[in-house]
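These notes concern the structure reproduced below.
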Amino acid sequence: MSKYRIAVIPGDGIGTEVTDSACKVLDAVSARFGHTFEYKTLLAGGCSIDAYGVALTPETLEECKKSDSVLLGAVGGPKWDDLPGSQRPERALLDLRGGLELFANLRPAILYRQLSSASPLKEENLKNGIDIMIVRELTGGLYFGDRGRRDGGNMPDGTPKGVEAYDTEAYSEAEIERIVRVGFELAMGRKKKLTSVDKANILESSRLWREVNERIAKEYPEVEYEYYYVDNASMQLVRRPGDFDVMVTTNMFGDILSDEAGMITGSIGMLPSASLGKPGTPGMYEPVHGSAPDIAGQDKANPCAAILSAAMMLRWSFGLTEEANCIEKAIEKTLENGYRTPDIAYTTDCIRVGTREMTARVIESIV
Ligand code: IPM
Ligand code: MG
């Protein structure tokens, strides 16, 4: 019997509904297994801009640091779209990632057997299923590099370029090493295959990325190690997704590839994520989908990604493996029983339900 303090950041749009679902499921887990989950609800994103003028206040970040773990819904919406980059709701995500030093982003992309008709890929490309763990570096690279605007000087023919904007990709050995180790450790517990993705034919930062990967790979002789250029990786991902196990990559490439991996499973509403820092520090767990303002407040959102994110929290932050398995099995059982939120209701024989009923069905399989 243990007590865990969870900072809950519902955020904007459907974030509120899906985090509510995840907390209800956690309550069911606590009733069954005898744990106590204590929630502290905090504002971040657009709602924080409205309340405090910034997407993330230093006080909110402090509260997150003091908690055992953070559960986040989604941030953003059309209301805040016209704000300059540094003041947008998404800034909250970057400040949470940077502030909590969450360098490792785990994004599992799984094709649920019950949902295979939702995948846009042909059946022949899905014969080996999809079970990929994308490991995305989260606190470095282009997202956190030096950026700005300057006078661009002149074109070769003398025409003035006007303003020039730049972003930079920088990676240090230590930053690469720690994320690559996460990848290899995960591979050891899975199918023992690791694909490192870079653009080493062009980028110096990618050449260092590859050098470090190759060095660390020697420490894991049991893991089959391969590397791809990112353009090729994005092609292979749709051609033969079943051949990948763990994919480790940079912040920017991971952002793109994880959306691609999510799309081929057919259901972004099913995809959870974990963002982890050093052992013993709070992790952050959030669905991969966004705030979906078009369906917010209508009981239409798929709560599964948020619920599965809560399961990842139990597994990765609290070491509660049995409890995490219990949630994951409950989700599968609910799908097996035919329940579908609108985003995954592809077949005529399924039972279409809303956010609240889907959540209730998942809970039924837990208690
Ligand atoms: C993601 C999102 C974020 C990112 C945005 C909202 C800042 O796309 O988590 O993948 O680019 O990291
Ligand atoms: Mg993204």
Side-chain angles (χ1 to χ4, degrees), residues 9-15 18-19 22 43-49 54-56 61 64 70-109 132-145 147 167-169 171 175 179 197 230 233-234 237 247-265 267-277 283-294 296 301-302 305-306 308-309 312-313 316:
I9 304 181
D12 309 311
I14 59 168
V18 298
T19 45
L43 296 186
C47 56
S48 172
I49 296 176
V54 285
L56 184 77
L61 180 60
C64 291
V70 182
L71 181 68
L72 187 137
V75 299
K79 183 173 175 193
W80 307 281
D81 271 353
D82 295 332
L83 292 171
S86 60
Q87 293 164 35
R88 289 173 63 97
E90 289 83 355
R91 191 66 237 169
L93 284 182
L94 298 186
D95 290 349
L96 282 163
R97 291 170 183 173
L100 298 169
E101 295 177 65
L102 304 171
F103 66 89
N105 187 212
L106 276 42
R107 297 189 163 184
I132 304 172
M133 179 65 93
I134 303 240
V135 180
R136 168 188 178 192
E137 200 290 327
L138 203 59
T139 51
L142 269 181
Y143 277 63
F144 287 84
R147 64 167 57 93
D167 300 272
T168 43
E169 171 98 340
Y171 270 115
E175 282 176 307
I179 189 71
V197 180
V230 63
S234 69
L237 206 47
M247 294 179 104
V248 63
T249 191
T250 61
N251 206 341
M252 186 81 238
F253 296 160
D255 178 46
I256 299 166
L257 289 179
S258 62
D259 265 29
E260 188 187 355
M263 175 47 83
I264 60 176
T265 67
S267 43
I268 192 146
M270 297 296 300
L271 302 178
S273 78
S275 303
L276 308 174
M284 185 162 85
Y285 298 82
E286 56 178 309
V288 168
H289 63 69
S291 57
D294 53 323
N302 187 345
L308 289 166
S309 299
M312 287 190 92
M313 171 188 293
W316 297 107

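Counting starts at 1 for both ligands and their atoms, in listed order.
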Inset, instruction - Calculate, to the nearest 0.5 Å, the distance between atoms SG and CG belonging to C64 and L56 respectively. - result: 7.0 Å
Legend entry - Atoms of type N/O/S from protein, distance to the Mg ion (ligand 2) below 2.8 Å: 1
Legend entry - From CG (L257) to OG1 (T250), nearest 0.5 Å: 8.5 Å
Inset, instruction - Please test V135 against I179 for side-chain contact (heavy atoms from CB on, under 4.5 Å), starting from the C-alpha separation and ending with a verdict. - result: CA-CA 8 Å; V135 180; I179 189 71; 3.7 Å; yes
Legend entry - Atom pair NE2 (H289) and CD1 (I14), whose distance is rounded to the nearest 0.5 Å: 4.5 Å
Legend entry - From I134 atom CD1 to F253 atom CZ, the distance as rounded to the nearest 0.5 Å: 13.0 Å
Inset, instruction - Calculate, to the nearest 0.5 Å, the distance between atoms CD1 and CG belonging to I256 and N251 respectively. - result: 10.5 Å
Inset, instruction - Report, as yes or no, whether the 6.0 Å neighbourhood of atom CD on E260 holds more than 12 heavy atoms from other residues, nucleotides or ligands. - result: yes
Inset, instruction - Taking only heavy atoms of the protein into account, state which residues are under 4.0 angstrom from an atom of ligand 1, in chain and number order. - result: E90, L93, R97, R107, R136, Y143, D255
Legend entry - Donor-acceptor contact below 3.5 Å, side chain S48 vs main chain V54: yes
Inset, instruction - To the nearest 0.5 angstrom, please state how far the OG atom of S258 sits from the CD1 atom of I132. - result: 11.0 Å
